[in-house]
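Naming convention: chains lettered A, B, ... in sequence-line order (proteins, then strands); numbering from 1 in each chain. Computed from a predicted model, the values in this text were never measured in an experiment.
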Amino acid sequence: MAQENDSSGEPISKWEKFYDNIFLLFILGMGIPFTLYTIWGVYEIFSTPLSPLVN
Amino acid sequence: MSVQSLQPGWWKTPVHKEERIWITVALIWCILMTLIMPLWHVVGEHNPSAEYYRIAPEDFDKLTDEFIDKYKVGVEGDFAVVEPPAGADIFLRGSQWQWDPVLKLKVNETYRLHLSSIDVLHGMSIYPINLNFEAVPGYDYVLTITPTSTGTFNIICNEFCGISHHNMMGKIIVQ
Amino acid sequence: MEATAEQFRTCATTGLKVHGPAENLIKTNAVTAIVFLLVGGIVGLTLVLTRWQAVHLLDDEWFYRMLSLHGIAMLVAWMIFFEMAILYFASAVLLNCRLATPWAGWLQFLLMFVGAAIVAVEILLGNADVMFTSYVPLKADHMYYLGVIIFAVGAIVGCLVFFGTLVVAKKEKTYSGSMPLVTFGAAAAAIIALFTLVHGAITFIPTWAWAAGLAPMMDAELYRMLFWGFGHSSQQINVAAMVAVWYLLGTLTVGAIPINEKVCRTAFVLYILFINIASEHHLLVDPGLGIEHKIWNTGYFMHLAVLASMIHAFSVPAAVEVALRKKGFTRGAFEWLKKAPWGNPAFSALAISLVGFGFLGGITGVVYGTEQVNIIAHNTMRIPGHFHATVVVGTTLAFMGLTYYVLPLIFLREVAFPKLAKIQPYLFGLSMYVVSITMMIAGGFGVSRRSWDMSGIESPFQVNFGPVVDLNLAIMGIAGVLACIGGAIYCVIAVATLLIGKKVEA
Ligand code: HEM
Ligand SMILES: [Cu+2]
Ligand SMILES: [Cu+2]
């Protein structure tokens with residue numbers, strides 16, 4: 001693919017491309033909280049130890 | 001304009017000095033707010049407990065009954081009044097719509113309070129010192145508590161638990 | 001499918017090409033939102049008059065029923081219907097594009113409407129006295145959960161239509177370069193919304209199956225964790241949408257240009273990446289989750305999302321200041337502020353929303369969401385105090401302000417009762433400030449939220465909160481009534497504009 005340039009002829013910043021890439025942002029925006037909050041949370045809940053007061 | 005598309009090259013616009021200062025200050029504040037939480041676990045006195053166990057509601061119910069039988073010193077209305085020895089494992093059972101039993105504790109002694117519910121969610125809110133913890137059926141939430149002042153404290157249920165939720169009040173007496 | 005030229009009109013004011021089907025969907029969703037706001041507002045009036053202990057309007061059963069309905073009508077229906085209108089506006093209108101698959105847009109509306117109607121009816125029939133949180137093991141009729149699920153599926157469809165339109169716009173090259181900031185903000189809201197709605201599905205589908213007798217009950221703490229992945233993240237949709245609307249209002253009212261797009265967009269990216277983990281702050285005093293999980297999810301990364309809000313809090317007013325100074329209001333430090341268009345309801349709504357959200361809602365949110373402080377805030381009146389500052393003063397007022405532009409630009413009618421419109425944001429916003437603050441004060445005394453009778457008159461042990469709390473709740477009651485009048489004025493203006501407003505040339 002040809003290199004895209006901005007008005008002053010310099011190549012477009014990779015940050016601009018990243019911010020324009022809504023699909024990538026979507027994947028990250030789902031993946032990060034899913035991992036940190038949901039999956040870790042499910043793990044925490046299911047690893048709750050049984051009460052030692054009950055035999 | 002916020003409603004017009006941007007032509008390529010916008011990333012190169014430098015950030016104004018005042019805005020840079022603001023962002024730096026805000027970032028420092030955020031970092032401080034973050035650090036205070038783990039730090040408080042080291043230097044602070046009030047921290048959410050990290051001790052909790054899985055327990056069937058029937059088992060918690062039985063344990064509370066045993067606890068009441070063992071240390072019962074009287075009754076107040078329909079409620080048993082229980083005076084456990086210092087350092088004991090004590091139980092507070094939430095159910096629709098009461099907190100059992102009435103606890104009689106000694107000031108400046110430490111207890112292991114087991115908090116749970118045997119039906120729906122309840123919320124333990126100690127009045128007037130305003131300490132709030134969640135009572136979740138299936139979980140034994142162990143709070144290590146040391147009453148530091150004498151008097152009568154109410155336990156208000158602050159998690160909606162059905163139509164008589166507002167009548168779910170309990171009592172702790174500290175002597 | 002190609003859109004035909006007749007489906008477009010060109011806006012005389014902005015020069016934007018407006019796609020007819022998109023416009024109809026914007027109108028339908030916005031009007032439905034306002035109807036739910038009206039319902040929720042009437043219900044809110046009964047609530048505030050019940051918590052004002054001296055009045056104590058409703059009986060206990062109806063108080064909890066109305067509280068459930070208020071949560072659903074306001075937080076779920078009013079907010080999300082309006083957000084659907086914003087999504088269609090930010091994609092189709094701002095990108096000069098046709099709406100991808102308008103039939104799916106109508107499917108969105110239909111599903112959301114049917115879902116919300118089922119939920120509302122179930123609550124009114126007394127089949128779902130469980131609050132909008134519906135924590136298990138409290139059980140509602142299975143139709144209630146089904147209604148929530150249908151609503152959520154509708155909202156998912158709406159988000160997909162939005163993303164589809166972004167794709168179409170790019171492919172058909174209806175804009176060049178990067179999409180406008182407002183559209184970018186709306187995209188952030190839509191991404192957050194999909195995370196939210198997926199959690200709605202994994203919470204409510206198993207719960208529906210349990211209520212219908214098809215499956216065992218979900219673990220109570222697991223429910224809380226998954227539910228707040230839905231319940232709080234949906235508030236983050238409101239935040240992202242509100243900020244996008246702030247930028248939009250800045251541009252519409254004074255021609256504000258974002259100072260630095262890089263900074264503004266970075267703030268939205270931080271929202272997308274980190275804001276949803278903040279759901280954790282509902283679980284800080286719960287068993288079942290370790291300290292690391294709690295601190296991590298309310299700590300460092302979450303504070304990057306807080307940082308994003310701080311950035312917007314600077315860049316929106318700064319853009320407004322720059323725009324006003326360009327108009328020549330340059331004397332002294334504050335001439336621009338004095339000469340700002342305070343009589344324009346959209347501008348005053350923006351200002352009151354921004355200040356209230358930041359100082360009342362934002363700061364209390366960060367503070368109450370700190371692990372140790374949460375011990376003294378959890379489930380007290382501090383919490384409704386906090387979120388009436390965010391979601392009512394902040395988001396609701398911002399949406400109201402936007403309406404004063406949507407009416408002439410989309411509905412092509414002059415705003416009816418312009419004099420009333422002028423005072424409406426002040427009345428609604430400032431009395432809501434008072435409601436929020438008095439709620440927070442009551443919470444500081446340990447008054448619990450969602451309680452028909454804080455003193456427990458019928459219970460064996462009574463609590464006497466004393467005259468300070470009583471006075472405080474009386475002030476809350478009066479301010480609440482004023483806020484309801486402010487909300488009612490908004491609804492009346494909107495409806496009157498649609499029915500009798502003078503037509504504007506297209
Ligand atoms: C129009 C004026 C309004 C008044 C007077 C009002 C008043 C109230 C009152 C008195 C409560 C009960 C607090 C408690 O006892 O726990 C409440 C709860 C609530 N309000 Fe409002 N409110 C208004 C508008 C709104 C709006 C616009 C929204 C959302 C966009 C909203 C969202 C909520 C939510 C989510 C709750 C909590 C429900 C629950 O605990 O389940 N309110 N409101
Ligand atoms: Cu209870
Ligand atoms: Cu309760």
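Between the side chain of C:T165 and the backbone N or O of C:L99, no donor-acceptor pair lies under 3.5 Å.
C:Y271 does not touch chain A: none of its heavy atoms, backbone or side chain, sits under 4.5 Å away. For a residue to count as touching a neighbouring chain, one of its non-hydrogen atoms must lie under 4.5 Å from one of that chain's; by this rule C:L194 touches chain A with backbone and side chain alike. Residue contact with chain C, scored on non-hydrogen atoms closer than 4.5 Å, involves the backbone and the side chain of A:F34 alike. With a 4.5 angstrom heavy-atom cutoff, C:F268 does not touch chain A via any of its atoms. Looking at C:V167, there are no atoms closer than 4.5 Å to chain A (heavy atoms on both sides), in backbone or side chain. For C:S233, no part sits under 4.5 Å from any heavy atom of chain A, backbone or side chain.
Interface remark: of the candidates C:E292, C:H199, C:R265, C:E221, C:H199 forms the most heavy-atom pairs closer than 4.5 Å to chain A. Per-residue heavy-atom pair counts under 4.5 Å with chain C were compared for A:F26, A:F18, A:W15, A:F46, and the maximum is reached by A:F26. With respect to chain A, the highest number of heavy-atom pairs below 4.5 Å among C:L226, C:I192, C:I202, C:L289 belongs to C:L289. Top candidate by heavy-atom pairs under 4.5 Å with chain A, chosen from C:I272, C:L166, C:L283, is C:I272.
Within the 6.0 Å centre-distance limit, the rings of C:H312 and C:Y247 are counted as a close aromatic pair. Separation of the A:Y37 and C:H232 ring centroids does not fall under the 6.0 Å cut-off.
Side-chain contact check for A:T48 versus C:P287: every heavy-atom pair is 4.5 Å or farther apart.
Every salt bridge (charged side-chain N to carboxylate O under 4.0 Å, His left out) that C:D219 has, sequence neighbours left out, goes to B:R54.
When only modelled atom types and interatomic distance are considered, C:H378 and C:Y368 share no side-chain donor-acceptor pair under 3.5 Å.
Using a 4.0 Å cut-off between charged nitrogen and carboxylate oxygen, C:K262 and A:E16 do not count as a salt-bridge pair.
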